Number of protein chains: 2
Amino acid sequence: MNRQALSREKVAGLLRQHGITPTHQRIEIAHALFERGEHLSADRILALVNARHAETSKATVYNTLKLFLKKKLIRELIIDPAKVVYDPNTAAHHHFYDVVTGKLTDVPADDIRVSGLPPLPKGTVAEGVDIIIRTRPQS
Amino acid sequence: MNRQALSREKVAGLLRQHGITPTHQRIEIAHALFERGEHLSADRILALVNARHAETSKATVYNTLKLFLKKKLIRELIIDPAKVVYDPNTAAHHHFYDVVTGKLTDVPADDIRVSGLPPLPKGTVAEGVDIIIRTRPQS
DNA sequence: GGGCTGAATTAGACGAAGTCCAGGGTTTGT
DNA sequence: ACAAACCCTGGACTTCGTCTAATTCAGCCC
Ligand SMILES: [Mn+2]
Ligand SMILES: [Mn+2]
Ligand SMILES: [Zn+2]
Ligand SMILES: [Zn+2]
């Protein structure tokens, strides 16, 4: 999706559109996610943001990711038992997950239909559906 | 599924059928899972097994769950970021997950059809599909 | 029974992900 | 300029899970 250098200004605009005050640290974190368009873990983001020179603390990375999540700027994926992964793609989509390599691949939700679901448990309403297709390297 | 008292002997037989030497600790752990038929976390199992008098260590609980997993006696569910949950139901099925209460409910896979999936990534083969329907308490 | 041997169990140290807090800095509004 | 609100930070802390080295146990043979 996001090809080419993504300017800090555009990222700041994106944050404002979501009601997030764009601070230096928040811009760097959002930039790391949206420039790559990849699924990233918190510690990976921490490393990326501090690659040139240290400028963002661990606490801020975690706080910021939770803020982005609440403002629906990003999604959270619980797939690997060892770490949560953050997804800059908030369009409806699903994932291939290679259980050996750990690689995650997006699956557009466009044509996907799920039929035969039973009614929801009493007193609950649907929030969304996550489909994970587990794969492994051939033979 | 498993109603009524489930005897230790039957559990031992189940373990043998899966190529697992039935030790005292393994029988207790399997018993905890299969008698209830519920989704349980490792620490919950540790507490259950040691409820009367301490007899099983944390290391053994983790070792044993991984063994059961390898022998396909149980399944592992990665849904809650904070803890892995073990599922004594190995029949094909999916889950409702209440994002507020954390409650997990089985969804039989019988009538469920997923259509429109794109081809798998090159060089991978399918392992299985997990569907999680996220719900929340009404209003 | 009494040893022998590999498998199973254990306490407790360790590692990694994530949370929390109190203090200090920065922005905003007037 | 001043206060209030907001933001960031180091580092202690919690929790889940893993690892290791030492012990115990189970099955087997004599
Ligand atoms: Mn992480
Ligand atoms: Mn646990
Ligand atoms: Zn994705
Ligand atoms: Zn289940």
Side-chain angles (χ1 to χ4, degrees), chain A residues 8 11-12 15-16 18-33 39-50 53-71 73-87 102 104, chain B residues 8-9 11-13 15-16 18-33 39-50 52-71 73-87 102:
Chain A
R8 266 51 179 182
V11 173
L15 295 186
R16 279 193 211 89
H18 284 80
I20 299 165
T21 311
T23 64
H24 181 63
Q25 289 87 342
R26 289 170 179 176
I27 290 170
E28 287 306 311
I29 291 168
H31 189 265
L33 278 160
H39 306 102
L40 296 175
S41 60
D43 58 335
R44 190 100 175 61
I45 291 169
L46 180 62
L48 286 170
V49 161
N50 291 323
H53 27 257
E55 48 190 357
T56 306
S57 71
K58 182 172 65 151
T60 296
V61 169
Y62 279 99
N63 289 343
T64 300
L65 289 171
K66 282 173 77 168
L67 175 67
F68 286 1
L69 211 52
K70 193 177 62 180
K71 299 292 192 176
L73 183 62
I74 61 177
R75 275 215 280 167
E76 189 184 37
L77 302 181
I78 318 295
I79 296 184
D80 182 318
K83 52 182 58 169
V84 173
V85 150
Y86 295 90
D87 192 338
L104 270 177
Chain B
R8 263 55 176 180
E9 282 76 18
V11 173
L15 295 186
R16 281 196 207 88
H18 284 79
I20 299 165
T21 310
T23 66
H24 180 63
Q25 289 87 342
R26 287 170 179 175
I27 289 171
E28 287 306 311
I29 292 168
H31 189 265
L33 279 160
H39 307 100
L40 296 175
S41 61
D43 58 336
R44 190 99 174 63
I45 291 168
L46 181 62
L48 286 170
V49 160
N50 291 324
R52 299 187 168 227
H53 28 256
E55 47 190 356
T56 305
S57 72
K58 181 173 65 152
T60 296
V61 168
Y62 279 100
N63 289 344
T64 300
L65 288 171
K66 281 173 80 170
L67 176 66
F68 286 1
L69 210 54
K70 195 177 64 182
K71 299 294 190 173
L73 183 62
I74 61 176
R75 276 215 280 167
E76 190 184 38
L77 302 182
I78 317 296
I79 297 183
D80 182 317
K83 53 182 59 173
V84 173
V85 150
Y86 295 90
D87 193 338

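Please read these numbers as outputs of a predicted model, since none were measured by experiment. Residue numbers start from 1 in every chain, and the chains themselves are labelled A, B, ... in the order their sequence lines are given, proteins ahead of strands.
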Worksheet entry | Test salt bridge (Lys or Arg N to Asp or Glu O under 4.0 Å) applied to A:Arg8 - qualifying residues, sequence neighbours left out | A:Glu28
Worksheet item: Considering residues at least two apart in sequence or located in another chain, which fulfil the side-chain hydrogen bond (donor to acceptor under 3.5 Å, both in side chains) criterion with B:His18?
Response: none
Worksheet, complete the sentence: Hits for ring pair (Phe, Tyr, Trp, His ring centres under 6.0 Å) against B:His39, two or more places apart or cross-chain, chain-then-number order -> B:His95
Practice prompt. Please name all residues satisfying side-chain hydrogen bond (donor to acceptor under 3.5 Å, both in side chains) with B:Thr60, sequence neighbours left out, ordered by chain then number.
Written response: B:Ser57
Fill in: Per-nucleotide protein contact string for nucleotides 25-30 of chain C (B base, S sugar-phosphate only, - none; heavy atom under 4.0 Å)
------
Worksheet item: Once you round it to whole Å, what is the distance between P of D:dC16 and CZ of B:Arg44?
Response: 13 Å
Worksheet entry | Gap between atoms CG and P, on B:Leu15 and C:dA8 respectively (whole Å) | 12 Å
Worksheet item: Please give, in whole Å, the distance from D:dG17 P to B:Leu65 CG?
Response: 10 Å
Worksheet item: For A:Glu76, what residues pass the side-chain hydrogen bond (donor to acceptor under 3.5 Å, both in side chains) criterion, not counting sequence neighbours?
Response: none
Worksheet item: Which pairs, with at least one residue in residues 53-63 of chain A and sequence neighbours excluded, count as a salt bridge (charged side-chain N to carboxylate O under 4.0 Å, His left out)?
Response: none
Worksheet item: To the nearest angstrom, how far is B:Asp80 atom CG from C:dG18 atom C1'?
Response: 13 Å
Worksheet, complete the sentence: When rounded to whole Å, the CZ to P distance for the pair B:Phe68 and C:dA8 reads 12 Å
Worksheet item: Is there a side-chain contact between A:Thr21 and A:Leu15 (heavy atoms, below 4.5 Å)?
Response: no
Fill in: All salt bridge (Lys or Arg N to Asp or Glu O under 4.0 Å) counterparts of A:Arg26, not counting sequence neighbours
none
Worksheet item: What is the distance, rounded to the nearest whole Å, between atom CD1 of B:Ile29 and atom C1' of C:dA8?
Response: 12 Å
Fill in: Distance, nearest 0.5 Å, that separates CG of B:Leu77 from CD1 of A:Ile78
13.5 Å
Worksheet item: Is the shortest side-chain N/O distance from B:Tyr62 to OP1 or OP2 of D:dG17 below 4.0 Å?
Response: yes
Worksheet item: What integer distance in Å separates A:Leu67:CG from C:dG18:C1'?
Response: 17 Å
Practice prompt. Would you mind reading off the distance between A:Glu76 atom CD and C:dA17 atom P, rounded to a whole angstrom?
Written response: 16 Å
Taking N or O atoms only and anything under 3.5 Å, show me the protein contacts with nucleotides 9-16 of chain C, one pair per line.
from, atom 1, to, atom 2, distance (Å)
C:dT9, OP1, B:Thr23, OG1, 2.4
C:dT9, OP1, B:Gln25, OE1, 3.2
C:dT9, O3', B:Gln25, NE2, 2.9
C:dT10, OP1, B:Gln25, NE2, 3.4
C:dT10, OP1, B:Glu55, O, 2.7
C:dT10, OP2, B:Ser57, N, 2.9
C:dT10, OP2, B:Ser57, OG, 3.2
C:dT10, OP2, B:Thr60, OG1, 2.7

